[in-house]
Amino acid sequence: MKRRLSPLLAATSVVLPVMLAAVLVVALPARSSRRPKYGGALRVEIAAVVNSVDPTTPAANPAEATAKQEINGLLYARRSPDGTFAGAAGSGAFRLAEWEPGKHASLAANPDFAGGRAFLDSIEIQMGRSDRDRLLDLELGKADFAMLPPGEVRQARDRGIRVSASEPDELLALVLLAGRPATADARVGEALSRSIDRAAIVNFILQKEGEPAGGLLPGWSSGTAFLFSTAVDVSVARALWGQITSSPKIALGYDAGDPLEQAVAERIVVNARDAGITLRIQAIPGLAAASANVDARLVRMRMNSPNPSEALGNLQTMLAPIAGWDAKSLSPEGARTGTPSATPEQIYERERTLANGYRVVPLVWLPQVYGLSARVRDWSTPAAGDPWPLADVWLGDAP
Amino acid sequence: MRLPFRFIILLCGCALAVSLCAAAAISLAQSGSQPASAWIDAVRTLAVRIASFVPQTGTLYLDFKNISSVDAAQAAAVRLELIAELNRRGVHLSPDSAANAQVEATLSESASEYLLVARVHRVEGDQVAIAAGPSRNSGAGGPSGDTPTLARKTVWEQRRPILDFANLPSDSAGATPLLLIVQPEALTVYAKPGAQWVTAENTPLRHPSPWPRDLRAWIDLNNRKVELPGLECAGDLAKPAAMQCAAANSNGKFPRELEQLPLAAPAANGRESGDGLLLDLNCGGGRVALVTGSGDWTEPDSIQTLELKDDVLVASGDPLPFAGPVLSLWPSADLKSARVVARNLRTGMYEASIVSVTCGN
C-alpha cells in the first residue's frame with residue numbers, strides 16, 4: 001500500500017530534523033476523520049404521535065409513552081430511579097426549539113449542558129411516520145435515524161440500510177389479568193404457556209430478530225434463561241386444559257396500533273386451538289385495556305436496566321397491578337430482588353416463583369432496532385434503560 | 001584435552017535443556033492453573049451445593065457446558081477444578097450417564113459477571129445452585145493478542161476515562177516508580193513502593209465551563225505541562241497539587257492549532273485515517289510513523305506503521321489490533337515509542353499502554 005505525501009507533508013519532511021531539534025514533541029492529529037465534528041442537524045423519524053413532552057401528562061398509547069421517554073431523555077439531564085425525569089426541561093443535552101404537537105419537534109443543542117455540548121447543532125423529529133415511510137426515507141437518505149420493527153430488519157439490510165440492534169431487552173408477554181374468573185385457575189396460564197410455539201414467533205414473525213422467552217429476564221442479563229423451558233408441549237397443555245372443569249373461553253387483547261402484537265396474538269390463537277384451548281383475540285385501542293372486556297392481554301415491557309436484579313424488580317412492580325401478583329406469596333429469598341445486594345441465586349428464585357405462577361407468560365425477547373444513515377458517526381446502541389445517546393453522535397460526510 | 005571440553009559443553013547443554021524444560025513446565029502449570037484461580041471461590045461454593053444435593057453414597061454424572069464467552073481452555077480448567085473440588089468432598093463422579101444422580105453444570109454469564117450454574121435432576125424436581133464467578137471486566141474470560149512489529153505494554157487500566165498518562169522519573173529517593181494519569185476531573189499520581197500501585201496524590205481539576213464532549217489532554221513531558229482544552233497546568237508533574245493551573249486561550253483547539261503542527265496527518269491522497277504520529281526512529285532508511293484506523297469510537301481499532309521513503313508513506317508490518325478505539329496517541333519523551341489510550345469495547349475499560357516499534361525483522 002502506498003500513499004503519496006501531501007504537499008505540506010513533503011515540505012515539512014525537509015525541515016523535519018530542524019523541527020525535531022526545536023520541538024521534541026511532534027504530534028499530528030490533524031484532518032482526522034475519526035475526531036468528532038460539531039454541527040449539522042440529525043433527521044429523526046418516529047412512528048409515534050407525541051402530543052406533549054410534559055412528563056406529567058399521560059400518554060395515549062404505549063408507542064407515545066416510549067417515544068416521549070426518548071425525547072425527554074434528550075431534554076432532561078437526570079432521570080429518577082423510577083424512570084421519570086427530574087429537574088428542568090432543557091437541562092439535558094438539547095433544548096426544545098420548536099414544537100408542533102403530534103407532527104414535528106426541533107431540538108437545539110444546549111451549550112451549557114454539564115456533560116458537554118452535543119456535537120449536533122439540532123435534531124429534527126418527524127412524528128407519525130409509518131414503517132414503510134421510515135424504511136423508504138432511510139433508503140433514500142431523507143432520514144438519518146429511525147426505529148425499525150424487529151421483523152423488518154432483514155428487509156432493511158437487504159435494501160442496504162445500516163442497522164444497529166440492541167441486546168433483546170423488551171419482553172413481549174401474555175398477562176392474565178387480575179380479577180377475571182376465566183383465568184383465575186393457574187392451570188390456564190400453564191396450559192397456554194405450554195401450547196405456544198415461541199420459536200415459530202421468533203423465526204417467522206420476528207424474522208429471527210429476537211429470542212424465545214421462558215423466564216422474565218433475558219439470558220444476556222441474568223445468565224440463567226436456559227433454566228426456563230421454552231419448548232412446546234401440546235399434550236401436556238391439552239391434559240392441563242382438560243383438568244379445568246369450567247373450560248373457560250378466554251379473550252386475549254392486544255394493542256390495536258401494534259402490528260407485531262396483532263401477528264403474535266393471531267399465532268397464539270392457532271397454537272391454543274391445537275391444544276384444545278378456546279381463545280379469541282380482540283384489538284384494544286390505546287391504553288384502554290383496563291376497561292376492555294378481555295381476560296388476558298399482550299404487553300411489551302422494556303427493561304429499565306441491564307442489571308438483572310433491578311430489571312426484575314421493575315418488571316414486577318409494573319406488572320403486579322395487572323397480573324395480580326401477591327407479594328406475600330413470593331419466596332422470602334427473593335425479597336431483596338431489586339436491590340444491588342441480591343445474589344444471582346436469589347434473583348433466579350424470584351424469577352422462578354413469578355414464572356411458575358403463570359400469571360405472566362413470557363413469549364419473546366425483542367431487540368431495539370435502529371436504522372441509521374451512512375453519515376451518522378459514533379452511534380452506540382444504548383444499553384437497556386438508557387435513552388438514545390444522540391448527544392454523542394456527530395455527522396460525517398456521506399460516502 | 002578435547003574430550004573433556006566436549007563433555008563439559010555437552011553437560012552444560014543438557015543442564016540448559018533440563019532448565020528450559022523445567023521452566024516451560026512451571027510456566028505451563030502456572031498458565032494452566034491461572035484461569036481457575038479467579039474461579040476458585042465460585043467452584044468451591046458450587047461444589048458444596050452440589051454435594052448437598054446428591055446422596056452420600058452413590059455416583060454422580062457431571063455434564064459440563066460452556067455457554068459463556070469464556071474461552072475453551074479456561075472453561076476446561078474450571079471444569080477440572082470443579083471435578084477436583086467434588087472429589088475432595090467425597091462425591092464420586094461416574095462417566096456413565098446412568099449414575100445415581102445427574103448434574104448439569106453450566107458456565108454462563110450475566111450482564112456483569114460469570115456464573116456457574118448447577119442443575120441436579122431429581123424425581124421430585126430439579127434443584128438449582130448458582131455461584132457468582134469473577135466479574136466480566138476482570139479479564140478472567142479471554143485471551144489477549146500482539147503482533148511482531150509493534151509491541152504493546154499495558155501499564156494501567158481503569159473504568160473511568162483516561163485522557164493521557166506518563167511514567168514519571170522516580171521520586172527523590174530514586175526507588176519508587178511514579179505514574180501520572182490525567183482524568184477529566186483529576187490529576188492522579190500513583191506510586192509503586194512495593195508490589196502494588198498506590199495513590200500518591202489526587203488533585204481535582206477545576207474548569208470554569210463544561211468540558212467539550214471530545215475531551216482530550218496532553219502531558220508535555222519536556223515542558224512539564226498538562227494541556228487540556230482551555231486549561232493549562234504547569235509545574236512538577238509528580239506533584240499535581242503544587243501545579244499552577246490557568247485558563248488557556250485555546251478557543252476549543254487542542255492542544256494547539258492542529259494545522260500548525262509540523263506534519264499534517266499522513267492521510268495523503270484523500271485516504272481516511274485517524275491520528276498520526278511521527279517517531280524519531282528509522283527503519284530500513286525510512287522514518288517511522290504510526291497511524292490509527294479511520295473508524296469511529298464504536299469500533300475496534302488498530303495502529304499501523306508507515307515508513308517515509310522517497311516522500312512516500314509505505315505501510316509496513318501488520319497492524320496492531322485494539323479491542324476498541326484508540327483515543328489518544330502521543331509520543332514518548334524520546335520520540336521512540338508512543339503513549340496510547342484506548343477503550344476496550346469488550347470490557348469497557350480504558351487502557352493506557354506503551355506501543356514500541358521493533359525494526360529489522
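By convention in this document, chain letters (A, B, ...) are assigned in the order of the sequence lines, proteins followed by strands, and residues within each chain are numbered from 1. Values below: all heavy atoms of this structure, side chains included; hydrogens, waters and symmetry mates excluded.
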- Look at the side chain of Asp378(A) and the backbone N and O of Trp297(B), then say whether any donor-acceptor pair between them is shorter than 3.5 Å. yes

- Task: Could you tell me whether a side-chain N or O of Glu345(A) sits under 3.5 Å from a main-chain N or O of Ala129(B), the two making a donor and an acceptor?
- Result: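 Absent.
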
- Portion of Asn223(B) that has a non-hydrogen atom of chain A nearer than 4.5 angstrom: neither

- Given that the side chain runs from C-beta out, which part of Leu215(B) has a heavy atom under 4.5 Å from chain A: side chain, backbone, both or neither?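 No part of Leu215(B) comes within 4.5 Å of chain A.
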
- Find the distance between OG1 (Thr106(B)) and CG (Leu227(A)) and round it off to the nearest 0.5 Å.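 Between Thr106(B) OG1 and Leu227(A) CG, I get 7.0 Å after rounding to 0.5 Å.
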
- Taking atom CZ of Arg213(B) and atom OH of Tyr38(A), what is their separation to the nearest 0.5 Å? 8.5 Å

Tell me which of these, [options], has more heavy-atom pairs under 4.5 Å with chain B than the rest.
{"options": "Thr224(A), Asp392(A), Asp112(A), Thr381(A)", "result": "Asp392(A)"}
{"options": "Ser222(A), Pro306(A), Ala383(A)", "result": "Ser222(A)"}
{"options": "Ser380(A), Ala384(A), Pro344(A), Ala225(A)", "result": "Pro344(A)"}

- Message: To check you understand the geometry: which heavy-atom pair defines the closest contact between Ser110(B) and Ser221(A), and what is its length?
- Response: CB-O, 3.0 Å

Going by heavy atoms in the side chains, are [X] and [Y] under 4.5 Å from each other?
{"X": "Phe226(A)", "Y": "Ser108(B)", "result": "yes"}
{"X": "Asp214(B)", "Y": "Phe119(A)", "result": "yes"}
{"X": "Trp379(A)", "Y": "Thr298(B)", "result": "no"}

- Item | Part of Leu217(A) lying under 4.5 Å from any heavy atom of chain B |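 No part of it gets close to chain B.
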
- Greatest number of heavy atom pairs closer than 4.5 Å to chain A - which of Arg49(B), Glu104(B), Glu113(B):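 That would be Arg49(B).
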
